[in-house]
Amino acid sequence: MPAVRVRSFAVVLAALGLAACGTTEPVLDSVEPDGIWEATTPGAFETTLELNADGSAVVVEADLAARSCSAATGTWGAEGTTLSLALTPPGGPPNADRRSYAYEAYADSLVLTSAVGRVVFRPRSTGRSCAGYGWGAWEGTLSALVDGAPRSFGGVRVEMVVASGRLEITSFTVPCDTCALGPAELVLRVDGSPDPLAPGTFAVNNVPGARNTFYGFHHTHPGDAGFLGFNTDRLSPTGTFTLQAIGVDRVRATFSFRGNPIVEGQKAPDGRTTVLVTEGVVDLTYR
């Protein structure tokens with residue numbers, strides 16, 4: 001990917017001073033725009049650009065005053081002095097949001113200029129997500145057949161570290177609209193570490209050192225304190241989680257697993273000794 005190589009303004013001035021004294025201008029290291037950058041107007045707006053070396057991009061724009069946030073993923077490229085973004089907003093058509101800027105890249109800043117003005121971004125060590133601001137909620141579909149009966153799950157929380165290959169989706173019971181969340185009813189956990197999360201299939205595997213593993217938990221009677229529920233930790237049951245799409249604020253997947261009692265010999269209050277969760281669907285967006 002071509003990228004303009006820009007010198008620090010302070011270094012250029014120093015070089016000009018040396019040239020005026022008859023010395024040779026030094027050869028300077030190039031600076032490329034890839035990296036994580038953030039522009040902040042205190043108390044008003046915060047924009048984070050994640051320009052990855054593989055050409056992928058994440059843009060998170062937060063309105064701090066209104067406590068709202070939007071995120072989009074896509075690609076970026078640099079040609080000459082122009083930086084371009086082709087972004088796909090949540091629920092929108094691919095590459096529908098196209099942006100173009102004149103840019104300057106320095107070691108301590110990325111300057112983007114467009115028809116609406118000039119914005120200075122500073123380096124940031126980690127990316128952001130709308131979920132990280134904690135203003136919204138995960139919305140969409142989390143459902144499955146539980147022993148053949150259709151179930152939809154609410155009270156959803158998603159925790160992910162894309163770079164470290166970890167994802168956990170939890171559904172909590174919701175006693176009432178104004179109540180605190182109750183016990184966990186469904187847990188789906190995948191571990192692809194040390195690789196980043198990427199579309200693919202994760203399987204139940206309890207052998208120490210196994211890679212790309214999946215863990216499932218379902219409590220058929222979360223209000224019963226004496227029964228601990230079913231999971232995939234015992235007896236190496238079958239189970240797979242197929243990740244179809246992953247982003248800072250989006251998860252899409254399918255899953256299925258057989259759960260055994262967490263405590264050997266326990267039965268559910270209705271007499272079940274196993275639970276079969278099939279045709280699971282995850283289609284969640286943080287809004």
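For T201 and T242, the side-chain atoms include at least one donor-acceptor pair closer than 3.5 Å. Side-chain N/O atoms of N231 and Y215 include a donor and acceptor closer than 3.5 Å.
Other residues, nucleotides and ligands place more than 12 heavy atoms under 6.0 Å from the CZ atom of R234.
One N or O on the side chain of D249 and one on the backbone of A131 form a donor-acceptor pair closer than 3.5 Å. Of the possible donor and acceptor atoms, none in the side chain of N205 sits under 3.5 Å from a partner among the backbone N and O of A210. Checking side-chain atoms of D147 against main-chain N and O of L276 turns up a donor-acceptor pair under 3.5 Å. Although no hydrogens or angles enter the test, the distance criterion places a donor-acceptor pair under 3.5 Å between the side chain of T88 and the main chain of N95. Looking at N52, its side chain never comes within 3.5 Å of a backbone N or O of V58 through a donor-acceptor pair.
When the ring pair (Phe, Tyr, Trp, His ring centres under 6.0 Å) test is applied to F230, the partners found at least two apart in sequence or on another chain are F227. Taking the side-chain hydrogen bond (donor to acceptor under 3.5 Å, both in side chains) definition, one finds that R99 meets it with E61, D97, sequence neighbours left out. Applying the side-chain hydrogen bond (donor to acceptor under 3.5 Å, both in side chains) criterion to T48, with sequence neighbours excluded, gives E38. Residues forming a ring pair (Phe, Tyr, Trp, His ring centres under 6.0 Å) with F217 (at least two apart in sequence, or on another chain): none. Applying the ring pair (Phe, Tyr, Trp, His ring centres under 6.0 Å) rule to W138 yields the partners Y286; only residues at least two apart in sequence or on another chain are considered. Applying the ring pair (Phe, Tyr, Trp, His ring centres under 6.0 Å) rule to F202 yields no partners; only residues at least two apart in sequence or on another chain are considered.
Residues C69 and V60 form a side-chain contact, since some pair of their non-hydrogen atoms from C-beta on lies under 4.5 Å apart. No side-chain heavy atom of L49 sits under 4.5 Å from any side-chain heavy atom of I36. Residues S84 and E79 have side chains not in contact (no heavy-atom distance under 4.5 Å, counting atoms from C-beta outward). You'll find the side chain of V190 reaches within 4.5 Å of the side chain of L197, heavy atoms only. Here the side chains of I169 and V251 are in contact, with some heavy-atom distance below 4.5 Å. Counting heavy atoms from C-beta on, the side chains of Y133 and L64 come closer than 4.5 Å. Taking 4.5 Å as the limit, every side-chain heavy atom of R98 sits out of range of all side-chain heavy atoms of L85. The shortest side-chain heavy-atom distance between S256 and T240 falls under the 4.5 Å cut-off.
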Stepwise side chain to side chain contact (heavy atoms under 4.5 Å, CB included) check, V281 with F255 = CA-CA 7 Å; V281 174; F255 64 93; 5.8 Å; no
Verify side chain to side chain contact (heavy atoms under 4.5 Å, CB included) between E139 and T285, making sure each step is shown before the conclusion.
-> CA-CA 5 Å; E139 299 177 354; T285 302; 5.9 Å; no
Given M160 and I246, is the side chain to side chain contact (heavy atoms under 4.5 Å, CB included) satisfied, shown in steps?
-> CA-CA 10 Å; M160 70 172 81; I246 186 73; 3.9 Å; yes
Begin with the C-alpha distance, continue with both residues' side-chain angles, and end with the deciding distance and a verdict on side chain to side chain contact (heavy atoms under 4.5 Å, CB included) for R118 and V111.
-> CA-CA 7 Å; R118 178 176 180 270; V111 183; 3.4 Å; yes
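Hydrophobic clustering keeps I262 apart from V146 (ILVMFWY residues linked when any side-chain heavy atoms are closer than 4.5 Å, directly or through intermediates). V187 and V158 fall into different hydrophobic clusters, where Ile, Leu, Val, Met, Phe, Trp and Tyr are joined by side-chain heavy atoms under 4.5 Å apart, directly or via other members.
F121 and T47 make their closest contact through CE2-O, 3.7 Å (heavy atoms, listed as atom of the first residue, atom of the second, distance). Nearest heavy atom pair, residue D54 against residue S56, reads OD1-OG, 2.7 Å.
Between F172 and H219, the ring center distance fails the sub-6.0 Å criterion.
Ion pairing of R252 with D283 is absent here, as no side-chain N (NZ or NE/NH1/NH2) approaches a carboxylate O to less than 4.0 Å. Look at E50 and R128 and you find no salt bridge, because none of the NZ, NE, NH1 or NH2 atoms lies under 4.0 Å from a carboxylate O. Taking the charged nitrogens against the carboxylate oxygens, R151 and E185 do have a contact shorter than 4.0 Å, which makes a salt bridge. R157 has a carboxylate O that lies under 4.0 Å from a charged side-chain N of E159, or vice versa, which qualifies the two as a salt bridge. Taking a cutoff of 4.0 Å between a charged side-chain nitrogen and a carboxylate oxygen, D191 and R211 do not qualify as a salt bridge.
Atom CG of residue L83 and atom OH of residue Y101 lie 8.5 Å apart, to the nearest 0.5 angstrom.
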